[in-house]
Amino acid sequence: MKKLQDILYKVAIKQVYGDTNVLVNKLVFDSRVVEKDAVFIAQKGVNVDGHLYVDKAIALGAKVVVCEKFSFDRQEGITYIRVADANEALAIMAANFYENPSTKFSVVGVTGTNGKTTIASLLYQLFTKAGYKVGLLSTVKVLVGNKEYKATHTTPDSVTINKYLDLMLDAGVEYCFMEVSSHGIHQKRTEGLHFTGGIFTNLSHDHLDYHKDFAEYRNVKKNFFDFLPKSAFALTNIDDKNGSFVLQNTKAKKHSYALKTMADFKVKILEKQLSGTLISVDNTEVWTKLIGVFNIYNLTAIIATAELLGLEKLEILTIVSQLENVNGRFEYIKSEDGVTAIIDYAHTPDALQNVLHTVNNIRSNNEKLITVVGCGGDRDTSKRPKMAHIAAFLSNQVIFTSDNPRTEDPQHILDEMETGVSPEHYNKTLSILDRRQAIKTACKLASSGDIILIAGKGHESYQEVNGVRTHFNDLEEVTNCFNQLKKK
């Protein structure tokens, strides 16, 4: 049990009705899971307004209601707190409820359109190999030391974040690496957290179904750095045109990384192969299993972060050569007859273009590049024709297919994608609604030496149709195809 007065510390309160000198046992923002003596925070979400469920929460045992407006009748014996911003209040209260675990070890946030998962996951690998107890909050998984928990969002809700950070503290974690999404920043889920550092990867077309326009999307990313403390470091990709912008108003110590321009941390690519990349870091040659220019940017951020956190450069570079690819990020397998399949999470125009350029830069052009790609339903529709155009332009053969259509008609999504294909590329595109069949078709079209890129879902283990998720994994599907073709 916690005293309400204590967990309200630093919350912007407008009005109080009732007693704040009471004990509460839980913070809840979903009325369906309210328990006796809980605090119910009424958030106004994208689809649901929590203020409509205050009476239900009280009936289930809520002792305290935190809200932005009194749009309901107040009841005797209940404490009501009116705040300026319920999302912000929840985040600050969550940090206080768990006694601010983020202040007791190093937490580093990674934000940007692409690369967040790779950077956070590889930093977890690096620091673990260096002998530290490490935590990870990512799209793919949550790790507390070696214990794994299922991830549900890129940036979880603020109560969940603080719960995991508290578990990490109890487990003796010294460093936590955390993805920070634009949704998470905009919805104030990271308020009340103390970051040791922040990393900016890049900015490109994404989430414009949620944000009003690109400027808002960019400014939300910038907000993360605006609120970093003076004691933190702010590391940015200076090769990205928004790299300097996001750090304009930060109080944190500014650092930059790059491959092309002058920067505090710079890496040079010496040799590119499908098995890895040879790089030079301060005149020291290092072989890495990571592939593609975009991944070397990620690696440069990792090297810079490790150095800023106090690791020795020689130790960093030694471990860098041992780092393994992250699941669903340029993950590849080879069939017995020499067909290579690459599975990648690329689900934005920029990410897809980066992956396709990477493949084209490595291959000899004597082999075909067959791309299987779709676009998610109920999401930013403007990127659909762009992704189709990029896939058709940079591949020898393209199969458009479903990728979590959600509540949309899958055929309508493919129709919108096809509008982006230039007339000269029509003859190299196919549309196959069933993703499993699309992957099988790609395998049948491929000959020895050819490359199949399966883009969009990466690590995901489901396909979502009309609110129902069924098991589906691109790596499993292409492995099955290779095994079936082997038997014939």
### Charged N-O contact under 4.0 Å between Arg436 and Asp434
no

### Message
Under a 3.5 Å distance rule, please check whether Lys222 uses its side chain to pair with a backbone N or O of Phe245 as donor and acceptor.
### Response
no

### Neighbour count above 12 (heavy atom, 6.0 Å) for Lys56 NZ
yes

### Query
Would you find a donor on one side and an acceptor on the other, under 3.5 Å apart, between the side chain of Thr371 and the backbone of Leu453?
no

#### Entry: Parallel, tilted or perpendicular: rings of Phe294 and Phe330 (30°, 60°)
tilted

#### Entry: Parallel, tilted or perpendicular: rings of Phe265 and His255 (30°, 60°)
tilted

### Query
Of the non-hydrogen atoms in Ala442 and Ile370, which two are nearest, and what is the gap between them?
O-CD1, 3.8 Å

### Sequence neighbours excluded - salt bridge (charged side-chain N to carboxylate O under 4.0 Å, His left out) pairs with any residue from residues 455-470
Lys457-Glu460, Glu464-Arg469

### Task
Decide yes or no on side chain to side chain contact (heavy atoms under 4.5 Å, CB included) for Phe400 and Val373, but give the supporting numbers first.
CA-CA 5 Å; Phe400 299 132; Val373 65; 3.9 Å; yes

### Task
Report the residues that fulfil side chain to side chain donor-acceptor pair (under 3.5 Å) with Asn480, sequence neighbours left out, ordered by chain and then residue number.
none

### Message
For the backbone of Leu369 and the side chain of Asn396, can you confirm whether one donor and one acceptor N or O come within less than 3.5 Å of each other?
### Response
yes

### Query
In a check of side-chain hydrogen bond (donor to acceptor under 3.5 Å, both in side chains) between Glu416 and each of Gln411, Arg384, Lys383, which one passes?
Arg384

### Test side-chain hydrogen bond (donor to acceptor under 3.5 Å, both in side chains) applied to Glu418 and Ser431, step by step
CA-CA 9 Å; Glu418 287 169 1; Ser431 288; 2.3 Å; yes

## Note on the structure
Taken in chain and number order and not counting sequence neighbours, the residues that satisfy side chain to side chain donor-acceptor pair (under 3.5 Å) with Arg329 are Thr117, His459

### Full working for side-chain hydrogen bond (donor to acceptor under 3.5 Å, both in side chains) between Thr261 and Asp239
CA-CA 6 Å; Thr261 53; Asp239 281 346; 2.7 Å; yes

#### Entry: Intermediate values then yes/no, side chain to side chain contact (heavy atoms under 4.5 Å, CB included), Gln397 and Leu430
CA-CA 8 Å; Gln397 179 88 53; Leu430 293 172; 3.9 Å; yes

### Donor-acceptor under 3.5 Å (Asn202 side chain, Asn237 main chain)
no

### Message
For Tyr217, is there any backbone N or O sitting under 3.5 Å from a side-chain donor or acceptor partner on Lys221?
### Response
no

### Task
For the residue pair Phe177 and Phe127, categorise the inter-ring angle as parallel (less than 30°), tilted (30 to 60°) or perpendicular (more than 60°).
tilted

### Summary
Between the CD1 atom in Ile343 and the CG atom in Leu475, the distance rounded to the nearest 0.5 Å is 4.5 Å

### Query
Hey, mind stepping through Asp226 and Asn223 against side chain to side chain contact (heavy atoms under 4.5 Å, CB included) and telling me if it holds?
CA-CA 5 Å; Asp226 288 349; Asn223 282 346; 3.5 Å; yes

### Message
Regarding Asp264 and Lys253, does a basic nitrogen lie under 4.0 Å from an acidic carboxylate oxygen?
### Response
no

### Summary
Shortest non-hydrogen pair, Leu259 vs Val267, comes out as CD2-O, 3.3 Å

